[in-house]
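The block underneath contains the structure these notes are about, expressed in structure tokens.
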Amino acid sequence: MTPMKPVWFVLGLLALALGALGVILPLLPTTPFVLLAAFAFARSSDRWHAWLLGHRIFGPLIEDWQSHGAIDRRTKIIAVLSIVAVFGVSLALDVSSVVLGIQAVVLFAVATFILSRPSPPDR
């Protein structure tokens, strides 16, 4: 066993837990955490990686990304709405203009990346 396998495994579990929370918490993204979990499990546990790829909810997200670099339309919509909500909360909390500027640039870049990904082919 390589010394990094346990580190990758713990990272995979943490990412998977955050991804699972993202399914029920509207401002926590699911897809990036599930992709990170798949990446980590591929380096640490064949069993967990296979389970994640076969999962009825998370498996298709990973497959779409691995095969096509794609994000489905529903996920894009949720992501962009979450980005707008986060920025709106920051405005409502009267966050400093420097922080708002940095946040605007980062969130715009993330939204641009998400929206630039193709949608997966129909199944």
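Nothing here was measured: the structure is a model prediction, and the numbers come from that model.
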When hydrophobic residues are tied together by side-chain contacts of less than 4.5 Å, even through go-betweens, does [X] share a cluster with [Y]?
X	Y	value
Val110	Leu115	no
Leu35	Leu16	yes
Met4	Val10	no
Leu52	Phe39	no

Tell me whether [X] contacts the main-chain N or O of [Y] through its side chain, where contact means a donor paired with an acceptor under 3.5 Å.
X	Y	result
Ser67	Asp64	no
Lys76	Ala111	no
Ser119	Asp72	no

I would like to know whether Val84 and Phe87 meet side chain to side chain contact (heavy atoms under 4.5 Å, CB included); could you show each step before the answer? CA-CA 5 Å; Val84 170; Phe87 195 74; 5.9 Å; no
Anything under 30° is parallel, anything over 60° is perpendicular, the rest tilted; go ahead and classify Trp48 against Phe41.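 Rings of Trp48 and Phe41: tilted, as their planes differ by 30° to 60°.
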Below 30° counts as parallel, above 60° as perpendicular, anything between as tilted: where do the rings of Phe58 and His55 land?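 Answer is parallel, since the angle falls under 30°.
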Just wondering, do Val86 and Gln103 contact through their side chains at under 4.5 Å, heavy atoms?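 Touching, per the 4.5 Å side-chain cut-off.
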So do Arg43 and Phe9 actually touch side chain to side chain, heavy atoms under 4.5 Å?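 No, too far: nothing below the 4.5 Å cut-off.
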